[in-house]
Engineer: 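Before I ask anything, here is the structure I am working with.
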Amino acid sequence: MEEEFIPANYEEKWQRSWKDAGIFIAPQESEKPKYFCLEMYPYPSGKMHIGHVRNYSIGDAVARYRRASGYNVIYPMGFDSFGMPAENAAIKEGGHPREITDRNIASIKTDFEKMGFSHDWNREVMSHDPNYFRWNQWFFLKFLEKGLAYRTFANVNWCGPCNTVLANEQVHNGRCWRCSSEVEQRDMDQWFLKITNYAQELLDSLEDISFPNHVKALQRDWMGRSEGALIRFKVDGDDGLEIEAFTTRPDTIFGVTFVTLAPENPLCKDLVSGHENEAEWQQMEKEAKQLSDMDRGMLKEKKGVFLGRYAINPLTGEKIPIYAGNFVIASYGTGSVMAVPGHDQRDFDFAKQHNLPIKKVLNEKGNESSEPLEAAFEGYGEMVNSTREGFDGLSGEEAKRAVIDALENEDTGNGMIQWKIRDWLISRQRYWGTPIPIIHCDGCGMVPVPEEDLPVLLPDDVEFTWEGNPIETSPTFSKVDCPTCGQPARRETDTMDTFVDSSWYFMRYTDARNSEECFSKTASDYWMNVDFYCGGIEHAQMHLIYARFWTKAVRDLGLHQVDEPFQELLCQGMVNAQAPYCKSCNITHPVSERGNNCPHCSAELSERSAKMSKSLGNTVGPVSMIEQYGADTIRLFILFAAQPTAGMDWSDTAVESCYRQMKAIWNLSHEMLSWQNDSAPIDDWLTIQFQERRKQWVNDMEGVDLRASVMLSHYDVYSDLVWYQRRGGKNGPLARSLLLDWAKMLHPATPHLAEELWAAAGGVGLVAAELLNFDDKEGEKGYSGINSVLAEEIFLQSILDQARQMKGLAERHLETEATSATIQCSEAWKGDLVRTGIELLESDFPMKQAMGEIMSRPFAQVGDVRGQVPGAWKRIMKQMYKWSPTEREVLKKNLDEVEILKGATDFLINELGVNELHIYIAGEGEDVGGKAKFSFPAEPGIAYL
RNA sequence: GCAGGGGUUGCCAAGCUUGGUCAACGGCGCCGGACUUAAGCUCCGGUCUCAAGAGGUUCGAGGGUUCGAAUCCCUCCCCCUGCACCA
């Protein structure tokens with residue numbers, strides 16, 4: 001161990017040692033229980049960014065800890081290497097997406113290596129590797145066989161700039177998730193996966209996994225289950241036409257006064273045809289089709305066009321007008337709504353606007369008047385004004401059930417569950433993805449590529465331009481003979497959504513080199529599911545739903561037996577940094593504006609923390625940080641600055657503070673190694689105290705409370721050692737054995753430093769390969785571990801604190817420096833009193849009657865003491881509830897305070913900066929400063945002269 | 001509007017699930033001292049207020065429960081995130 005702390009001198013060395021020893025390679029066969037630690041595999045941009053650093057610092061600490069606690073840990077890494085950035089780069093700068101991707105992977109890998117993560121690279125998976133994506137194609141064929149994959153002509157989201165269709169999940173507020181441009185609607189033939197088959201299971205099994213609440217909420221939202229009824233309204237005068245409406249409120253059926261169809265609903269045309277409003281409807285339909293969902297959401301004006309026809313309420317036989325409304329969504333439910341203005345505010349407004357009747361068919365509790373409604377009552381209530389027998393008086397679920405029963409009896413409707421989630425559109429009109437293994441034959445239709453012909457590789461004879469799908473520029477790719485009839489046919493040119501790749505890569509990790517199968521059942525059954533999954537919140541509703549779906553679908557193919565891919569999910573928070581901010585404009589500006597006034601309103605700019613981004617320029621380059629401080633310091637900062645799930649602020653000063661701490665640990669360890677065989681009374685304390693720290697640390701690591709555990713390992717243990725030194729400790733053998741265990745605690749967060757200490761203290765081999773083996777069985781959790789040794793030291797620290805406080809006060813009075821201190825410890829009977837109090841309190845004695853009990857005790861019988869007991873008890877009563885369990889334990893020990901303080905006289909004189917110190921029991925010496933009356937157990941009277 | 005998560009002492013941030021351990025961990029910043037030729041290094045101490053110690057006022061605001069509340073209950077305000085005319 002070198003004298004000076006220079007991480008650059010040793011970090012790379014240990015990284016090589018780990019690699020050479022192969023200790024991060026997870027064997028398939030093991031006696032140990034398995035542990036699957038996983039981070040979301042990254043898209044290979046050319047450089048590691050701070051998000052990667054945070055993500056993997058967390059995962060690596062968990063993986064290293066689990067290895068040390070005796071698990072067979074699989075901690076793989078790979079790259080989500082298909083996708084548009086590489087293709088766009090190829091178009092812009094020339095080259096091939098494959099070259100660009102390979103180059104980026106090589107570059108980012110060297111960055112990762114510098115951090116010292118313990119990934120098992122033997123299991124590396126890359127999406128763009130034909131040995132990987134051939135299984136995408138294979139799964140696709142299996143899904144096709146099982147009816148889980150299908151092709152249909154549908155109205156889909158089209159992103160012009162990206163030149164491809166998008167899944168619903170990939171459209172946010174009407175904009176493309178990738179490029180933020182507006183998405184338009186197009187009718188196209190596209191491939192879908194039937195994720196809706198699994199909607200109910202995806203919803204239900206959220207209960208079985210530990211995901212953060214907000215992620216579960218997000219997924220529930222996205223799946224959007226609603227229970228209700230499908231009701232069929234016959235069109236008056238046309239037996240062939242029927243309007244189906246989905247409602248969650250069948251209990252309001254008697255209040256239906258009109259029905260509204262989405263303008264795009266195909267029924268509209270039939271209904272309005274020949275009517276004077278036909279043109280008006282056509283206009284509305286045109287607008288609706290052009291509008292993106294974004295604009296639709298912004299729609300202020302609710303428009304309705306009467307379609308000239310009437311529907312029949314199936315339960316009442318009433319004739320009600322049919323409208324087309326621009327606010328009805330064609331793709332949700334049936335694209336038509338039964339309108340109940342009395343009990344739906346939106347319908348209420350619409351009815352007012354179009355002068356339609358408003359019927360009250362539910363009674364609001366406490367408001368049973370028959371006055372016309374001023375607003376819709378949307379709650380549940382008793383049914384009233386039903387035009388049929390048997391409904392009035394029912395409410396809530398009962399009412400709904402009765403209506404559904406009636407509809408089902410008369411075959412005019414049925415109970416139904418409606419979902420918001422749609423099937424997953426996986427076609428993409430882009431090059432850099434998995435080709436969909438289908439051949440279109442004029443004679444045979446769509447023919448799957450035979451399994452033995454997989455993989456369908458991407459063609460290289462293509463041109464990358466912004467025009468259309470580059471695959472289509474290949475002169476050879478499309479031309480293929482039909483596998484069935486042998487006639488010339490066309491190959492499908494759509495590729496798969498890259499979320500397909502990330503939907504099962506974790507399963508591939510379990511058997512990454514398998515060239516015969518996607519993975520063997522043995523391997524996946526042994527390793528799956530993922531015990532700990534760590535990644536960004538941005539994948540809460542896409543990746544994390546698709547992967548759950550894929551896992552279930554593949555399970556049903558019989559390939560493995562787990563229901564859920566990820567048992568525990570941790571979403572790490574964002575890394576923020578300060579950026580200039582204008583309060584009045586509420587705009588965050590790029591750091592280039594720092595020091596200037598607001599470019600918009602000229603107000604003075606303040607600072608606020610904002611997500612690190614290129615556009616704001618408030619980023620930090622992790623690699624240069626590593627060069628400056630070493631990887632360990634950055635890792636320590638990441639884990640220490642905030643809890644894993646919280647957002648964290650990057651702060652250069654805080655990083656420096658971590659660097660100082662690292663250095664302090666280094667320097668102290670270095671010094672400890674020079675200690676000789678000098679034992680001291682304080683040795684026992686260190687031994688026991690350190691054991692307590694270890695126990696607490698294990699506890700926090702088990703709960704993945706990384707911040708707390710790092711605080712213990714990197715700060716508290718250090719402070720203990722400093723105190724030990726101040727109290728005269730310098731026991732060489734003790735220090736060496738402690739260093740070995742300490743290195744194990746330092747290892748998950750700062751592995752390079754840990755290896756240095758381990759080696760310097762005489763550890764054999766690598767600490768990264770060591771088991772914890774802490775022998776901490778005795779003394780369970782809690783404060784039972786407080787023995788006299790710890791109690792004495794806690795007492796001493798507390799006296800030192802009190803004495804320091806008093807010194808300040810005293811010197812203000814003395815108006816000069818204090819040179820002499822007198823400590824008058826508590827009389828014995830006060831100790832008896834305190835312990836009696838605690839005893840009564842802990843035995844649930846009614847404290848209001850405690851005085852009587854106390855006065856009956858032997859110590860209160862002594863003549864001159866008896867009179868002082870009530871006053872002292874009053875004082876103690878007040879304090880008693882405030883004592884911590886630790887303090888109580890200390891008080892219960894009945895320490896010989898004078899003895900302990902006298903034993904530490906030199907130490908106290910030194911710490912307090914006085915020349916002399918007198919210690920005795922109050923009453924056994926001069927009552928200096930009249931402080932005797934202040935003396936209580938653990939709170940002596942302290943006076944200065 | 002609906003859902004999820006927050007508002008803690010200059011800043012960041014623990015604690016609140018299981019009320020007394022809380023004037024409230026820790027880090028940053030700031031102040032003082034030691035060391036040093038000198039430190040921006042390291043170490044020690046301080047950092048709501050009052051004060052030779054038993055006090056006061058604090059944990060978004062206001063109520064309530066309790067011997068006792070940052071912690072439990074109610075109401076309100078504000079911030080973030082997601083979904084959003086979903087029938």
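None of these values were measured; they are calculated from a predicted model. Letters A, B, ... mirror the listed sequences (proteins, then strands); counts begin at 1.
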Engineer: Given B/G45, is OP1 or OP2 found less than 4.0 Å from the side-chain N or O atoms of A/Arg726?
Structural biologist: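 True: A/Arg726 side-chain N/O within range (under 4.0 Å) of B/G45 OP1/OP2.
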Engineer: Considering Watson-Crick and G-U wobble pairs with both distances under 3.5 Å, what does B/A34 pair with?
Structural biologist: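 Result: B/U42.
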Engineer: Any strand is fair game: report the nucleotide pairing with B/C28 by Watson-Crick or G-U wobble, both distances under 3.5 Å, or none.
Structural biologist: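 B/G10 is the nucleotide pairing with B/C28.
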Engineer: For A/Arg225 and B/C83, what is the distance between atoms CZ and C1' respectively, to the nearest whole Å?
Structural biologist: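 A/Arg225 atom CZ is separated from B/C83 atom C1' by 19 Å.
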Engineer: Paired with B/U18: which nucleotide, if any, by Watson-Crick or G-U wobble criteria at under 3.5 Å for both distances?
Structural biologist: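 With both distances under 3.5 Å required, B/U18 matches none.
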Engineer: For B/A54 and B/C59, measure between their C1' atoms and round to the nearest Å.
Structural biologist: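 These two C1' atoms come out 24 Å apart once rounded.
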Engineer: Using OP1 and OP2 only, check whether a side-chain N or O of A/Gln541 sits under 4.0 Å from B/C83.
Structural biologist: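 Checking B/C83 against A/Gln541, a side-chain N or O does come within under 4.0 Å of OP1 or OP2.
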Engineer: Paired with B/U81: which nucleotide, if any, by Watson-Crick or G-U wobble criteria at under 3.5 Å for both distances?
Structural biologist: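 Checking every strand shown, B/U81 finds its partner in B/A3, with both distances under 3.5 Å.
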Engineer: Between B/G27 and A/Tyr715, is there an OP1 or OP2 to side-chain N/O distance shorter than 4.0 Å?
Structural biologist: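 For B/G27, neither OP1 nor OP2 has a side-chain N or O of A/Tyr715 closer than 4.0 Å.
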Engineer: Counting heavy atoms from C-beta on, name the nucleotide in B/A52, B/A87, B/C41 closest to the side chain of A/Lys663.
Structural biologist: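 Of the candidates, B/C41 comes closest.
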Engineer: So, does A/Ser657 get its side chain near the phosphate of B/C28, meaning an N or O under 4.0 Å from OP1 or OP2?
Structural biologist: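 For A/Ser657, the contact criterion (side-chain N or O under 4.0 Å from OP1 or OP2 of B/C28) is met.
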Engineer: Does the structure place the NZ or CZ of A/Lys830 under 6.0 Å from the centre of the six-membered ring of A/Phe936, at an angle of no more than 45° from the ring's axis?
Structural biologist: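 Yes - A/Lys830 lies over the ring of A/Phe936, closer than 6.0 Å to its centre and within 45° of its axis.
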Engineer: Got A/Asp347 and A/Met338 here, is their nearest side-chain heavy-atom distance under 4.5 Å?
Structural biologist: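 With C-beta onward as the side chain, the pair stays apart.
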Engineer: For A/Tyr718 and for A/Gly335, locate the closest nucleotide of RNA chain B by heavy-atom distance; then report the residue assigned to the nucleotide nearer the 5' terminus.
Structural biologist: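 Its nearest nucleotide lies further toward 5', so the answer is A/Tyr718.
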Engineer: Hey, does the side chain of A/Arg249 come within less than 4.0 Å of B/A87's phosphate (OP1/OP2), counting only N and O?
Structural biologist: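 No, outside the criterion.
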Engineer: Which word best sums up how the rings of A/Tyr715 and A/Phe640 line up, parallel for under 30°, tilted for 30 to 60°, or perpendicular for over 60°?
Structural biologist: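 Parallel, since the angle between the ring planes stays under 30°.
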Engineer: Can you give one letter per nucleotide of nucleotides 3-18 of chain B, 5' to 3': B if a protein heavy atom sits under 4.0 Å from the base, S if only from the sugar-phosphate, - if neither?
Structural biologist: SSS------SSS----
Engineer: Establish, with yes or no, whether the OP1 or OP2 oxygen of B/C28 is under 4.0 angstrom from a side-chain nitrogen or oxygen of A/Arg660.
Structural biologist: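 Result: yes.
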Engineer: How far does the P atom of B/C41 sit from the matching atom of B/G29, given to the nearest Å?
Structural biologist: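 Those two atoms are separated by 9 Å.
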Engineer: Between A/Phe907 (CZ) and B/C44 (C1'), how many Å, whole number?
Structural biologist: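 In whole Å, B/C44 C1' and A/Phe907 CZ are 11 Å from each other.
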Engineer: With C1' as the reference atom in both, quote the distance from B/C78 to B/G27 in angstrom, rounded to an integer.
Structural biologist: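 Comparing C1' positions in B/C78 and B/G27 gives a spacing of 27 Å.
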Engineer: What integer number of Å spans the C1' atoms of B/C83 and B/A13?
Structural biologist: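 The answer is 30 Å between these two C1' atoms.
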Engineer: C1' atom, B/G10 versus B/C80: distance in rounded Å?
Structural biologist: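 Those two atoms are separated by 23 Å.
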Engineer: Would you confirm whether the ring centroid of A/Tyr323 sits within less than 6.0 angstrom of the ring centroid of A/His354?
Structural biologist: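 Ring centroids of A/His354 and A/Tyr323 are less than 6.0 Å from each other.
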Engineer: Over all strands shown, is A/Ser651 touching base, sugar-phosphate only, or nothing at heavy-atom distances under 4.0 angstrom?
Structural biologist: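 Contact class for A/Ser651: none.
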Engineer: Could you give the distance separating B/U47 and B/U66 at their C1' atoms, to the nearest angstrom?
Structural biologist: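 34 Å, rounded to whole Å.
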Engineer: Watson-Crick or G-U wobble partner for B/A54, using a 3.5 Å limit on both distances?
Structural biologist: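 B/A54 is paired with nothing.
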Engineer: Is it true that A/Phe327 and A/Phe350 have ring centroids separated by less than 6.0 Å?
Structural biologist: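 That pair passes the under 6.0 Å test.
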Engineer: Between B/C28 and B/C77, how far apart are the two P atoms, rounded to whole Å?
Structural biologist: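 Here B/C28 and B/C77 have their P atoms 39 Å from each other.
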Engineer: Taking A/Ile253's backbone N and O only, do any of them form a donor-acceptor pair with A/Asn313's side chain (distance below 3.5 Å, no angle check)?
Structural biologist: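 Yes, because the side chain of A/Asn313 sits within donor-acceptor range (under 3.5 Å) of the backbone of A/Ile253.
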Engineer: Base, sugar-phosphate, or nothing for A/Pro250, non-hydrogen atoms under 4.0 angstrom?
Structural biologist: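 Touches nothing.
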Engineer: Can you check the distance between B/U8 and B/C48, where both ends of the measurement are the C1' atom (answer in whole Å)?
Structural biologist: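 B/U8 and B/C48 have their C1' atoms separated by 13 Å.
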